[in-house]
Amino acid sequence: MIDQRFDPKAHEQRIYQRWEDAGCFRPSMDTSAEPYAIMIPPPNVTGSLHMGHALNNTIQDILCRFERMRGKNVRWQPGMDHAGIATQMVVERQLAASGGNQDRRSMGRDAFVEKVWEWKEESGGTILNQLKRLGASCDWENTKFTLDDDLNTAVNKVFVDLYNEGLIYRAKRLVNWDPHFQTAISNLEVENKEVDGHMWHFKYPLAGGETYTYVEKDEDGTITLEEERDYISIATTRPETMLGDGAVAVHPSDSRYAPIVGKLCEIPVGPKEHRRLIPIITDEYPDPDFGSGAVKITGAHDFNDYQVAKRGGIPMYALMDEKGFMRDDGDDYAAVAEVAQRIAEGQEDFDEAKIAAMNLVPDQYRGLDRFEARKAVVADITAEGNAVMVPKPKKKAASPASEPGSGAAGDSGSSPEPSVPELVPLVENKKIMQPFGDRSGVVIEPMLTDQWFVDAETLAKPAIAAVRDGRTKFVPENWDRTYYNWMENIEPWCISRQLWWGHRIPVWYGPEIVSSETGNNEFGLDFIDRSEVHDTPHGDIRLLNVRKRVFCAERFADVERLASEHYGCKVILVEDEIEYRERVAAFSLGKAQDYAVPLLQDEDVLDTWFSSGLWPFSTQGWPEQTDGLKTFYPGATLVTAFDIIFFWVARMMMLGIKFMDGEVPFKDVYIHAIVRDENGKKMSKAEGNVIDPIDLIDGVGVETLVAKRTSNLRQPEKAPKIEKEVRKRYPNGFDAYGADALRFTLAAMATKGRDINLSVDRIAGYRNFGTKLWNATRFAQMNEAKFGTKIEPQSLDLSVNKWIIGELYKCTAQVSEAIEDYRFNDAASAVYHFTWDVLCDWYLELSKPILNGDDAEAKSETQAVLGWVLEQTFVALHPFMPFITEVLWEQTSDRSDFLMQQTWPGLNTSFADESAAEELDWVLKTISQIRSVRSDVNVPAGAKVPVSLVGANDETARRVAAHCDVIMRMARLDKFELADAAPAGSVKAIVDEATVVLEIADLIDAGEEIARLDKQLGKLSGEITGLEKRLGNDAFVAKAPAEVVAEQRDRLAELQGTRDKLSVAREQLAAL
RNA sequence: GGUCGAUUAGCUCAGUGGUAGAGCACUGCAUUGACAUUGCAGGGGUCACUAGUUCGAACCUAGUAUCGACCACCA
């Protein structure tokens, strides 16, 4: 006999270990079986299980367990992602916290990377064990890590192949730069958030004191403003970037500025004697209706300006260093500004490298943080009188800058002033969208840097086609719109990261040899720029910036061969830029002892998603043609949340199709919901509303819960409020609900909608469901149900047994269909409803008289059916609740096998017996009707009542004979007999053609009973009227499908019959 | 601005042309019987609004209102 209750803690980990030890998670590799593969979205090595993972992996596990039971050769591919930035961040933080004054840079690259590996071995991957707690049936023996050697091989091969095809290239571009991590990031890793900002309006004086007539007109062409101006008005939210302006642009159609297009204006900041002049140009980009209609163009610090600058050949001056501080390098400002001036006036040629070397930050701003620089620039311009001035708003005492909306938009002087108003600088308070790094949280700076890019546009085309052709399907399908939308507008993918933790880029640089005409030394090496003098092992020589030649190959050995062939001499791998330059210099000056050309590997690593994008095939051994690869590519279903469609799904599609001969990586992409808290808020530590899945499995006390929710809050002052709420809501913390309850809840809520608002109450409900099944099994054991036998539907005698196996058949068919169609909620509710409402509430009760009765044959049949039906229920429930069902399987019979290895109930229609179903339907209805009436007329629960059945036909009479005992028992009757007429004053209910008569006239009040009948009659006549109206409509009868019409007629007849009988009953009562 | 979505019982949500559903909550009754982590019975909804298509609309179409997500944005 099993215990009184199921204790998840006593069994879950034990059962999991048994599965694992027995190799239950391995693919069968049965060549006759259909392969079925699911690639886990590799969690970050730094990660721990959150609700999103729990949902994601529950769904995958349901699919895998289901398909495994259906006989497929299943591989659920597990693993982890090295998560470049996230992991580097964790280890750097740890270094900082450990007190030592070591940081990443002082440690050096190799030592730091080694440290990260150490961390990974010790602390990484807790999430994989948490997945085991959830019951995930992954093929752990094939666990992969995106930084494993074999995956690195795949990464290098992909990179080199794409490079050789020209689909990966290096370019100087404006990229999103994270000043905190000091690396480029892709535009997906940027979060645009609306923040309070200001827009300043400044005057850029025209060169040489020139003036023009500035004319503003309204829509009708009436002149609203006309004045002489010696400046052009510019609006900006980032004044500090003015220092790098290359031009001012206006729209070609903007007549206000037509007189000054082509002229020069002055950037009103920096030392007066070296103010830079920049040209006023035209471009389609400026919107004449926004701001002043004139835009400053700072190509190196703004994505829109970058495009304008590129079109117009405007120099792009970089102003900041990699930490987001104003540059403090290069020659002094006066010298640089002079060169810039000649460039602006077209008197001097410029190229990228020359511009890049120019630091146009005036001395007083050098080394300032960008936000400090902004304040300083604003203050200086304003002090000098170049801010656009407007009348001070009345009423408000404070300056416009601190009063939202008070500094009205529009140009100065556009409204007439009644008196002489006080003037203040025009600063608009407005919401601006600002980019933040999704990991660092700092403001992202557009930076002009050399980076590696993937030509995503080319790769996207076949990936779009694959979805259009239906070779890969999104479920729910509306997600394909999101996919198309992004893929069709895809930008080049920046894949290089200035980090240390990740796949090194398989590129080595050597010096570029140019033609002998331009070469300027005996080795033909062209030095394009000078840098600082440096004391080197080769003497005090100049270090040189050298144009680099790229050697790209999977292994250094290949590069070594290519390079030495290219240079015609030995090459040597060097570790850093300094040594590289020294060696180039020494080499070129003939001072090198060994005459070896230095090669330096690219310092950068690849975007984490570059390696995750290969996951479906890199994990299966590619580029080797392994069995795993042949069998499990393409995968069946990718299960993920929508937030990584772009990051991951799109990249896997592009790279999978590219490298696997055009074959898509997966057939379906199931996009599941995001799990939120029960109020619909996104769970986040910072908000203090996180529910930890492990807490739900193991239980957690209220004190721990409070502590968890109040640590790491974004607003620590909210802690008392959160504590109060938690204590009120969960006074006893969480019970140990177990993994099964959590999984079932998630499955039941996994609809095709967007969000799941998870409530703990619901988990408790499904824990109770497990208890229900557990106790039903206990009941079966007490009654000596037979487990481990087979059932032949045709051999059954009792209609109740025929009925329950038919119900089971319907249930399992529904579950199969629903899972195949990714309707996990329907699957869960079908098996829930069957187990609780059909099996426990009815079948078990109906079986009691038989199991306690004297009919040995009936008893034996029922024991067999009861055991079998329960076993099949375990099977059907197993994908959802693997632990409790496996324990029940283990403990109900002497078994040597596992439930998870059983065959899914492939029941067929031979299990569904229509006449048994109708018969039991009648039994259930009869009992329910009697119970309902009893309750309505307040018959005491314990009282037994005599009931007779009037007007029964032959079939009903037969059913009464067969089921009399059980009906009497379940409806608490002391008599249940056929009769010709009802005694006066009895209480009646209608079941099909017959009237159920409760002979309890003495127990009830006639008036109340009449009222009860009237209520029912009222309801009935309403429905009848509706049906009559519909059936009376010729158009309905003519146009609606015949079966619908027939159905409605039947229903009408039935309702009329019931009404007539109840009316008679009412009249009889009234006549008394 | 573009795209996708939501609006159904007190709450959280299913349903998607043919009799409005679940879980929780609520009300009444039942206490040593597999299970109180229970059973029986019950109350509760103009399916956001308007117009259309249809024999028939919660469901399809168009529009309105409110709320949300993602993407892109005006310096």
Side-chain angles (χ1 to χ4, degrees), chain A residues 1-2 4-6 187-188 192 199 234-238 241 248-249 285-287 289-298 302-305 308 430 432-433 476 478-479 481-482 484-486 489 642-643 645-646 674 678-680 682 735 737 741 745 748-749 751-759 761-762 764-783 823 825-826 829 832-833 840-841 844-845 848 927-928 931-936 938-942 970-972 1023 1026-1027 1030 1033-1041 1043-1045 1047-1048 1051 1055:
Chain A
M1 179 68 54
I2 58 177
Q4 197 123 21
R5 276 181 201 151
F6 173 64
N187 42 3
L188 285 177
N192 289 302
M199 193 155 80
I234 302 289
T236 179
T237 55
R238 303 204 50 198
T241 66
V248 167
Y285 163 64
D287 173 1
D289 295 327
F290 186 85
S292 67
V295 187
K296 66 194 227 22
I297 301 300
T298 320
D302 181 282
F303 285 97
N304 287 308
D305 293 7
V308 177
K430 57 180 287 186
I432 54 172
M433 290 300 273
N478 53 286
W479 286 108
R481 300 291 297 273
T482 306
Y484 293 140
N485 214 342
W486 191 67
N489 299 297
F642 69 84
D643 52 354
I645 292 179
F646 304 144
I674 297 282
E678 57 199 315
N679 301 315
K682 207 167 176 174
D735 284 359
Y737 296 114
T745 307
M749 299 186 86
T751 59
K752 288 180 178 176
R754 281 202 168 211
D755 299 335
I756 289 180
N757 295 353
L758 186 75
S759 91
D761 288 344
R762 190 131 183 202
Y766 290 120
R767 183 269 316 267
N768 297 354
F769 173 61
T771 308
K772 189 76 184 172
L773 177 72
W774 184 266
N775 279 294
T777 309
R778 262 186 110 227
F779 166 81
Q781 282 187 322
M782 288 173 173
N783 287 283
R823 287 178 288 111
N825 59 320
D826 287 345
S829 81
Y832 179 96
H833 168 70
C840 292
D841 285 352
L844 259 43
E845 295 302 327
K848 280 177 183 173
I927 295 169
S928 296
R931 283 171 169 176
S932 182
V933 171
R934 285 178 63 119
S935 180
D936 279 351
N938 297 317
V939 175
M970 293 182 69
R972 294 195 76 82
E1023 269 190 74
L1027 283 169
R1030 185 175 304 170
N1033 182 343
D1034 293 341
F1036 171 71
V1037 179
K1039 294 192 181 177
E1043 67 267 22
V1044 172
V1045 177
E1047 202 180 287
Q1048 310 267 332
R1051 181 162 165 71
L1055 291 175

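Letters A, B, ... are given to chains in the order of the sequence lines, protein chains preceding strands, and every chain is numbered from 1.
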By the 4.0 Å heavy-atom rule, please label [X] as base, sugar-phosphate, or nothing.
X       : answer
A:R5    : base
A:R1051 : base
A:D287  : base
A:L1027 : nothing

Counting side-chain heavy atoms from CB outward, which of [options] is closest to [X]?
X       : options             : value
A:N775  : B:A41, B:A34, B:U19 : B:A34
A:K848  : B:A75, B:A34, B:C70 : B:A34
A:E845  : B:C70, B:A41, B:A34 : B:A34
A:Y285  : B:C29, B:A75, B:A34 : B:A75
A:F1036 : B:A75, B:G18, B:A34 : B:G18
A:R778  : B:A14, B:C40, B:A34 : B:A34
A:P286  : B:A75, B:U12, B:G18 : B:A75
A:I432  : B:A75, B:U37, B:G18 : B:A75
A:F646  : B:A36, B:C70, B:A41 : B:C70
A:F642  : B:C55, B:A69, B:G39 : B:A69

Separation between the [atom1] atoms of [N] and [M], rounded to whole Å:
N     : M     : atom1 : result
B:A36 : B:C11 : C1'   : 24 Å
B:U50 : B:A58 : C1'   : 16 Å
B:G2  : B:U64 : P     : 13 Å
B:G28 : B:C70 : C1'   : 49 Å
B:A9  : B:G21 : P     : 14 Å
B:A65 : B:A14 : C1'   : 25 Å
B:G5  : B:A41 : C1'   : 40 Å

Just N and O in the side chain of [X]: are any of them under 4.0 Å from OP1 or OP2 of [N]?
X      : N     : answer
A:T482 : B:C70 : no
A:N768 : B:U38 : yes
A:S932 : B:G42 : yes

**Message:** Could you tell me the Watson-Crick or G-U partner of B:G1, where both distances fall under 3.5 Å? Say none if there is no partner.
**Reply:**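 Its partner is B:C71 (Watson-Crick or G-U wobble, both distances under 3.5 Å).
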**Partner nucleotide, any strand, of B:U7 [Watson-Crick/G-U, under 3.5 Å]** =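 Partner of B:U7: B:A65.
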**Asked** When only distance counts, do a donor and an acceptor, one from the side chain of A:R481 and one from the base of B:U3, lie under 3.5 Å apart?
**Response**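 For A:R481, whose side chain was compared with the base of B:U3, there is no donor-acceptor pair (under 3.5 Å).
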**Prompt:** More than 12 foreign heavy atoms under 6.0 Å from CD of A:E845: is that the case here?
**Reply:**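 Counting other residues, nucleotides and ligands, CD of A:E845 exceeds 12 neighbours.
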**Prompt:** Within this structure, what is the CD1-to-P distance between A:I297 and B:A75, rounded to whole angstrom?
**Reply:**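 Roughly 13 Å, once rounded to whole Å.
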**Message:** Can you measure A:K1039 atom NZ to B:G18 atom P for me and round it to whole angstrom units?
**Reply:**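 Rounded to whole Å, this separation is 19 Å.
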**Request:** Output, in order, the C-alpha distance, side-chain angles, deciding distance and verdict of ring pair (Phe, Tyr, Trp, His ring centres under 6.0 Å) for A:Y737 and A:Y766.
**Result:** CA-CA 9 Å; A:Y737 296 114; A:Y766 290 120; over 10 Å; no
**Asked** Is there a side-chain contact between A:I645 and A:W479 (heavy atoms, below 4.5 Å)?
**Response**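 Yes. Closest side-chain heavy atoms under 4.5 Å.
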**Message:** Are the side chains of A:V1044 and A:F1036 in contact, using a 4.5 Å heavy-atom criterion?
**Reply:**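 They are in contact (side-chain heavy atoms under 4.5 Å apart), so the answer is yes.
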**Request:** Would you please test A:N187 and A:F303 for side-chain contact (heavy atoms from CB on, under 4.5 Å) and show each step?
**Result:** CA-CA 12 Å; A:N187 42 3; A:F303 285 97; over 6 Å; no
**Asked** A:A294 and A:I234: which non-hydrogen atoms are nearest, and at how many Å?
**Response**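 So the minimum-distance heavy-atom pair works out to CB-CD1, 3.8 Å.
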